[in-house]
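Contents: one structure, followed by commentary.
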Amino acid sequence: MTVKIVIGLDGTDTGERALKFAKDLASKISECELIAVYVIEWSPFTFQTAEENEKRHKRREEEIALATARIVEPAVASLEADGFKCSGLVRHGDVAETLNRLAGELGGSQIIVGRASSDGFAKRIFGSSTQNLVMHADVPVTVVG
């Protein structure tokens, strides 16, 4: 059975530490797949006009492309270069909810995230989102310092 581990990336050193920890852990597991995920904070509860929604959709697509190119693809390339089976995703939504949902949908057995950074994912989740992820995740969460 393949063990799947979801890695929350943020594009900073803390995300790199989470990635390194995941590599170390995966190297000890005979069949393991690493799933690198970047979540763009996004609220679906904004009421806008049709024109604003069209612009918002275009901005979402641009953000996904940028995050994929700058954060997820380099992480996946690094994992592949080290011989790991892996994939990468970029999603919009609440960070904690999205990581937990994806872990469930993808059959993840663990979520690994970085603890703190000056911006990005860890800044958003170290407060209430980190607490929510740790307290409400359906799988174990490892927070890497």
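All values below come from the heavy atoms of this structure, side chains included, with hydrogens, waters and symmetry mates left out.
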Please name all residues satisfying side-chain hydrogen bond (donor to acceptor under 3.5 Å, both in side chains) with [X], sequence neighbours left out, ordered by chain then number.
| X | result |
| --- | --- |
| Glu62 | none |
| Lys55 | none |
| Gln110 | Thr142 |

Shortest non-hydrogen contact from [X] to [Y]?
| X | Y | answer |
| --- | --- | --- |
| Ile40 | Ala67 | CD1-CB, 4.3 Å |
| Ala69 | Pro74 | O-CD, 3.3 Å |
| Leu133 | Ala96 | CD1-O, 3.6 Å |
| Val95 | Val39 | CA-CG1, 3.8 Å |
| Ala22 | Ile7 | CB-CD1, 3.5 Å |
| Ala103 | Val139 | CB-CG2, 4.1 Å |

Which residues share a salt bridge (charged side-chain N to carboxylate O under 4.0 Å, His left out) with Arg91, sequence neighbours left out: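 For Arg91 there are no salt bridge (charged side-chain N to carboxylate O under 4.0 Å, His left out) partners, ignoring immediate neighbours.
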
For Glu105, all residues meeting salt bridge (charged side-chain N to carboxylate O under 4.0 Å, His left out), sequence neighbours excluded: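 Salt bridge (charged side-chain N to carboxylate O under 4.0 Å, His left out) check on Glu105 returns Arg101.
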
Ionic contact status for Asp24 with Lys28, cut-off 4.0 Å: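 Salt bridge flag = no for Asp24 with Lys28.
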
Side-chain heavy atoms of Leu89 within contact of Leu106, under 4.5 Å: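 Yes. Closest side-chain heavy atoms under 4.5 Å.
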
Close side-chain approach of Ile64 and His92, heavy atoms under 4.5 Å: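 SC-SC contact between Ile64 and His92 confirmed.
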
Contacts of type ring-ring contact (aromatic ring centres under 6.0 Å, His included), residue His136, not counting sequence neighbours: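 For His136, no residue satisfies ring-ring contact (aromatic ring centres under 6.0 Å, His included) once neighbours in sequence are set aside.
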
[atom2] on [Y] to [atom1] on [X], rounded to 0.5 Å:
| X | Y | atom1 | atom2 | value |
| --- | --- | --- | --- | --- |
| Leu19 | Leu9 | CG | CG | 6.0 Å |
| Leu99 | Ile112 | CG | CD1 | 11.5 Å |
| Ile29 | Ser109 | CD1 | OG | 6.5 Å |

Check: Asp138 main-chain N/O paired with Asn100 side-chain donor or acceptor under 3.5 Å: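 At least one qualifying donor-acceptor pair exists.
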
Side chain to side chain contact (heavy atoms under 4.5 Å, CB included) partners for Glu33, two or more places apart: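 Residues passing side chain to side chain contact (heavy atoms under 4.5 Å, CB included) with Glu33: Thr2, Lys4, Ile35, Lys85, Ser87.
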
Pairs satisfying ring pair (Phe, Tyr, Trp, His ring centres under 6.0 Å), at least one member in residues 16-36, at least two apart: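 Those involving residues 16-36 do not exist here.
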
Just distance, no hydrogens or angles: give the donor-acceptor pairs under 3.5 Å from side chains in residues 77-84, sequence neighbours left out.
unit_1: Ser78; atom_1: OG; unit_2: Lys23; atom_2: NZ; d: 2.6
unit_1: Asp82; atom_1: OD2; unit_2: Lys23; atom_2: NZ; d: 2.7

Sequence neighbours excluded - side chain to side chain donor-acceptor pair (under 3.5 Å) pairs with any residue from residues 65-76: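 Sorted result for residues 65-76: empty, none.
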
